[in-house]
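Here the structure is laid out as structure tokens; the discussion comes afterwards.
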Number of protein chains: 2
Amino acid sequence: MKYSASKEDYLKAIFHLQTEQSMVTTNALAVAMQARPASITDMLKKLKSEKLLIYERYKGFRLNNEGKKIAVQVIRKHRLWEYFLVHKLKFGWDEVHEVAEELEHITSKKLIDQLDAFLNFPVTDPHGDPIPDRSGKFNSPKQLNLLDFPMNTPAKVSSVASQTSDILELLDHKSIHIGTRLEIRKKFLFDNSIELKVKNQAPITVSEQVAQKIFVHNDE
Amino acid sequence: MKYSASKEDYLKAIFHLQTEQSMVTTNALAVAMQARPASITDMLKKLKSEKLLIYERYKGFRLNNEGKKIAVQVIRKHRLWEYFLVHKLKFGWDEVHEVAEELEHITSKKLIDQLDAFLNFPVTDPHGDPIPDRSGKFNSPKQLNLLDFPMNTPAKVSSVASQTSDILELLDHKSIHIGTRLEIRKKFLFDNSIELKVKNQAPITVSEQVAQKIFVHNDE
DNA sequence: ATTTATTTTTAGGCTAATCTAAAAAATAAA
DNA sequence: TTTATTTTTTAGATTAGCCTAAAAATAAAT
Ligand SMILES: [Mn+2]
Ligand SMILES: [Mn+2]
Ligand SMILES: [Mn+2]
Ligand SMILES: [Mn+2]
């Protein structure tokens with residue numbers, strides 16, 4: 001029960017994709033993995049023969065319980081390492097993803113459980129994503145996309161759905177972080193941009209593309 | 001300037017071997033790498049073409065400056081991670097080597113320099129081996145093998161030249177650690193075993209094979 | 001219901017890192 | 001200084017993970 005870094009990355013990508021579409025397609029995974037469709041098919045055959053997913057040619061695929069279990073453990077490692085990098089090694093939240101992408105493949109159960117304890121069992125990573133516990137359980141807090149959130153209602157930023165440093169840099173610049181309390185002041189129908197008010201700050205405007213990536217929950 | 005985990009392991013192994021023999025042999029490296037001689041030859045050709053060592057067929061090989069530089073950085077990473085595992089994640093000194101063998105290949109300069117700072121720039125790893133600084137300089141303290149050390153002279157254990165958990169477990173059991181102060185009481189010529197006295201403890205005997213692995217320095 | 005376009009799979013290749021078995025070179029022994 | 005032994009290298013395979021180009025299956029359009 002030890003899988004290559006590449007296989008772990010595949011399982012993780014499929015896991016994320018199948019929360020949206022119930023059957024994942026070869027092309028979708030090819031985009032996510034930045035590989036050609038032919039390579040995806042090759043790997044699917046291997047993962048199927050290792051009984052980590054169900055797959056019938058031309059019909060799509062999805063992880064079975066065993067595949068999910070492994071994917072979740074990789075996600076757990078990824079997010080714990082991101083937390084470590086930000087809170088212990090003073091990395092910015094926009095520079096941890098690449099490194100965690102490597103660290104997540106270190107194979108030592110003790111390592112990750114001790115790390116978890118050392119970090120005091122954090123429940124969300126620096127991007128606000130939930131960290132599953134050692135049994136694989138997520139404590140996902142309810143959250144809404146900023147675009148669907150009501151105006152003039154206290155909100156707290158809970159996660160940012162992107163790992164690319166461009167958007168994180170932009171949010172950094174506008175002083176929007178996980179935990180930032182804000183309210184929506186205006187929604188411009190013309191371009192779906194949104195004006196936000198953060199306490200003690202001048203109002204700021206974010207584009208639809210940015211708002212789409214921000215998730216919040218009710219702040220009390 | 002990025003090398004595979006395998007190449008880094010080769011460079012590291014050659015680096016260690018060439019402190020003893022000035023020219024390293026294919027067979028010696030095959031033993032160290034637990035691989036067949038044919039595989040060693042294959043890799044040597046690659047490392048040579050990447051200008052990391054000097055090598056002429058049938059004549060032996062040794063790292064050039066560039067090869068040494070890379071090896072030292074890998075060693076630095078290995079030892080810093082070992083330190084982290086023992087001092088932050090409560091690993092025993094006998095269970096860190098395998099994990100560090102993987103962690104040492106993570107490729108992020110920032111990661112390792114921040115880790116170094118986080119650990120307060122340690123100078124020796126849990127086995128007493130010196131940790132090179134970011135420029136690659138070793139601050140190696142003078143040390144003598146226990147077999148060559150005079151009797152009835154205060155000594156302090158500075159390092160243990162083995163990564164296998166068998167010997168570390170044995171030393172653990174006999175309460176010998178890095179930093180332990182002891183004196184040699186007797187040297188038995190019959191089998192070269194040695195009787196040691198640790199303060200407030202009954203005298204203990206170690207075999208020649210064990211003594212060979214223990215390095216000490218004068219304790220004032 | 002054909003034709004056309006898209007998606008997915010197969011066929012065949014490539015590279016890195018390993019292996020075994022056989023050949024060649026170097027070293028040691030007779 | 002031949003012969004035998006040991007060491008090292010070459011030759012040829014294998015596996016994982018990727019690729020391109022072509023074929024096959026499915027979906028969309030006329
Ligand atoms: Mn990864
Ligand atoms: Mn994250
Ligand atoms: Mn290693
Ligand atoms: Mn060590």
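Reckoned from all heavy atoms, side chains included, excluding hydrogens, waters and symmetry mates. Lettering follows sequence order; numbering is per chain, from 1.
- We find that NE2 of A/H105 is positioned 12 Å from P of D/dG17, with the value rounded to whole Å.
- Taking side-chain N and O atoms only, A/N27 has a distance below 4.0 Å to OP1 or OP2 of C/dT8.
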Report summary line: Symbol by symbol from the 5' end, with Watson-Crick or G-U pairs under 3.5 Å, [ ] crossing and | another strand, DNA chain C is ||||||||||||||||||||||||||||||
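- Taking 4.0 Å as the cut-off between side-chain N and carboxylate O, B/K48 and B/E56 do not count as a salt-bridged pair.
- B/L44 has its CG atom 11 Å from the P atom of D/dT10, to the nearest Å.
- Classified by interplanar angle (parallel below 30°, tilted 30° to 60°, perpendicular above 60°), the ring pair B/H87/B/Y83 is parallel.
- Under the 4.0 Å criterion applied to side-chain N and carboxylate O atoms, A/K69 and A/E66 are assigned as salt-bridge partners.
- Taking B/D116 as the reference, B/R76 meet the salt bridge (charged side-chain N to carboxylate O under 4.0 Å, His left out) condition, with sequence neighbours excluded.
- At most 12 heavy atoms of other shown residues, nucleotides or ligands fall within 6.0 angstrom of atom NZ in A/K137.
- Taking atom CG on A/L47 and atom P on D/dC18, their separation rounds to 11 Å, with Å as the unit.
- A/K174 pairs in a side-chain contact (heavy atoms from CB on, under 4.5 Å) with only one of the listed residues (A/D172, A/L171, A/L170), which is A/L170.
- Atom OH in B/Y58 sits roughly 6 Å away from atom P in C/dA25 (whole-Å rounding).
- For B/Y55 and D/dT8, the shortest distance from a side-chain N or O to OP1 or OP2 is not below 4.0 Å.
- When the side-chain nitrogen and oxygen atoms of B/T25 are compared with OP1 and OP2 of D/dT7, none of them lie within a distance under 4.0 Å.
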Requested in this report: Can you check each nucleotide of nucleotides 16-21 of chain C against protein heavy atoms at under 4.0 Å and return B for base, S for sugar-phosphate only, - for none, in 5' to 3' order?
Outcome: SBBBBB
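- Side-chain atoms of A/E102 come within 3.5 Å of backbone N or O of B/T107 as a donor-acceptor pair.
- One atom, CD of B/E56, and another, P of D/dT8, lie 15 Å apart when rounded to the nearest Å.
- Look at NZ on A/K45: it is 8 Å from P on C/dT9, rounded to the nearest Å.
- In summary, the aromatic rings of A/H97 and A/H127 are positioned with their centroids too far apart to meet the 6.0 Å limit.
- Closest non-hydrogen pair, B/E104 versus B/W81, comes out as N-CD1, 4.1 Å.
- Nucleic acid contact for B/T41: base, since at least one base atom lies under 4.0 Å from a heavy atom of the residue.
- One interatomic measurement links the two molecules: OH of A/Y3 to P of D/dG17, which rounds to 12 Å at whole-angstrom precision.
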